[in-house]
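Quick caveat, the model's predicted, so the values are computed rather than measured.
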Amino acid sequence: MYQYTMTQWLFFFYFYCFFGWVFESAFVSVKSRKFVNRGFMRGPFLPIYGSGAIMMLVVSMPFQDNLILTYLAGCVGATALEFVTGVVMESLFKVRYWDYSNQKFNYKGHICLSSTVAWGFLTIFMTGVLHKGVEKLIFAIPYMVLTCVTAVVTVYIIIDFTLSFKAALDLRDMLMGLDRARAELLRIQKRLDVIIAVANDEIETRRQENSERMDELADEIENRFNSLKERMRLQPSEFIEDVREEIIELRSRYTVEKENRIRFKGLKDIYQRNIIKGNPTLYSKRFSEALEELKKAAEERRNRK
């Protein structure tokens with residue numbers, strides 16, 4: 001059984017958060033052929049790895065002399081942690097930081113069989129090899145020094161996590177705002193199509209297609225307004241006063257939604273940009289179009305530097 005103080009448990013957690021960041025960042029950077037500061041936080045820590053390591057130590061405690069039970073405990077414990085963390089994060093932030101939907105035998109994309117199998121072997125390696133060396137290292141550090149370092153790292157991680165959590169919530173609001181703006185633009189587009197059709201311009205209306213991309217959607221709406229403006233200039237008698245007022249009102253709503261779109265795509269906060277940059281596989285089924293807009297905005301901002 002592990003006999004550690006609270007300070008030592010905390011330090012183990014931070015150590016494995018850092019170890020996980022090094023491993024994950026190195027893997028993704030090599031795969032992307034550029035440095036990627038992987039993870040939810042801006043600093044070099046991945047809490048999911050620290051939580052997973054501590055969980056593996058805890059669930060394997062009763063089975064340290066039984067390799068099979070250690071393996072099974074790791075499979076169950078790590079998979080449960082991964083599933084709960086994935087569900088909670090998606091519920092809070094409306095995005096997935098990992099997704100196994102393309103893997104065989106996955107459950108709602110949060111967990112999969114191959115990952116569960118790997119967690120079991122990792123638990124054996126963790127408890128039988130890696131942690132023994134880490135334990136010796138920690139025990140070699142004077143306890144007072146360990147306490148001071150742990151206290152400093154705790155303050156840093158609390159600040160970093162708080163700012164990152166707020167940035168993730170702000171990103172969620174941006175996604176929802178962009179999605180609302182797109183829905184409103186589609187409503188404006190459809191109403192303009194009706195007005196154009198009533199003005200006996202059905203052929204032009206049929207040529208126009210609803211766009212999946214916000215940039216193209218905005219351009220199409222601009223084209224409709226320009227078409228109606230020219231038609232009203234050439235044949236003003238076709239448009240009664242109520243229709244003219246509706247077109248003015250639609251133009252006003254369109255201007256507001258364009259401004260909202262620009263505001264939501266601002267990404268002025270470095271933590272928001274770090275979340276997008278550090279998680280290239282960030283995924284959202286419901287807000288996929290809005291998320292791609294934010295990724296594109298972050299890339300453009302990075303290229304301007």
Side-chain angles (χ1 to χ4, degrees), residues 1-6 8-31 36 38-41 44-93 95-138 157 161 168 278-285:
M1 300 292 286
Y2 301 113
Q3 300 292 330
Y4 304 133
T5 65
M6 181 59 68
Q8 290 170 332
W9 275 114
L10 266 178
F11 196 89
F12 284 132
F13 173 74
Y14 299 151
F15 178 89
Y16 289 117
C17 285
F18 175 74
F19 178 84
W21 175 83
V22 171
F23 171 78
E24 187 93 0
S25 295
F27 177 78
V28 176
S29 296
V30 170
K31 192 175 180 180
V36 177
R38 187 77 166 131
F40 176 76
M41 298 167 62
F45 298 97
L46 280 174
I48 187 65
Y49 276 86
S51 302
I54 297 302
M55 179 278 307
M56 289 176 184
L57 294 176
V58 172
V59 299
S60 66
M61 276 186 186
F63 317 115
Q64 290 181 0
D65 297 327
N66 191 313
L67 207 61
I68 294 178
L69 291 180
T70 297
Y71 174 84
L72 293 176
C75 288
V76 174
T79 300
L81 176 65
E82 190 173 37
F83 178 76
V84 171
T85 303
V87 169
V88 171
M89 291 186 74
E90 184 174 20
S91 176
L92 278 175
F93 307 129
V95 295
R96 290 187 179 186
Y97 285 79
W98 65 86
D99 182 54
Y100 296 128
S101 296
N102 61 340
Q103 300 291 323
K104 292 182 179 180
F105 307 110
N106 75 84
Y107 181 70
K108 296 186 176 180
H110 294 296
I111 56 176
C112 67
L113 180 60
S114 59
S115 179
T116 296
V117 171
W119 286 130
F121 286 113
L122 185 58
T123 301
I124 292 175
F125 173 74
M126 168 81 183
T127 57
V129 180
L130 180 61
H131 186 67
K132 291 181 179 180
V134 174
E135 184 183 60
K136 290 179 180 178
L137 174 66
I138 302 305
I157 284 185
F161 183 83
N279 297 276
T281 57
L282 207 62
Y283 167 79
S284 175
K285 183 176 181 180

Qualifying residues under ring pair (Phe, Tyr, Trp, His ring centres under 6.0 Å), relative to Phe125, sequence neighbours excluded: none
Any donor-acceptor pair under 3.5 Å from Asn279 side chain to Leu282 backbone: no
Residue Asn102 excluded, over 12 heavy atoms near CG under 6.0 Å: yes
Gap between atom CG of Leu81 and atom CD1 of Ile54 - 0.5 Å precision: 11.5 Å
Any donor-acceptor pair under 3.5 Å from Thr70 side chain to Phe63 backbone: yes
Ser29 (side chain) donor-acceptor with Val36 (main chain) under 3.5 angstrom: yes
Polar side-chain atom of Trp119 near backbone of Val76 as donor-acceptor pair, under 3.5 Å: no
Main-chain N/O of Ile111 paired with Ser115 side-chain donor or acceptor, under 3.5 Å: no
Aromatic plane relationship, Tyr107 with Phe83 - under 30° parallel, 30 to 60° tilted, over 60° perpendicular: tilted
Separation between OH of Tyr16 and CE of Met56, rounded to the nearest 0.5 Å: 10.5 Å
Atom pair OG (Ser60) and NE2 (His131), whose distance is rounded to the nearest 0.5 Å: 9.0 Å
Donor-acceptor contact below 3.5 Å, side chain Ser91 vs main chain Val87: no
Between CH2 on residue Trp21 and CG on residue Leu46, distance to nearest 0.5 Å: 9.0 Å
Phe45 and Phe13 aromatic centres sub-6.0 Å: no
Aromatic contact, Phe19 with Tyr49 (centres under 6.0 Å): no
Plane angle bin for Trp9 and Tyr4 - parallel if under 30°, tilted between 30 and 60°, otherwise perpendicular: perpendicular
Rounded distance [0.5 Å steps], CD in Glu82 versus CH2 in Trp98: 6.0 Å
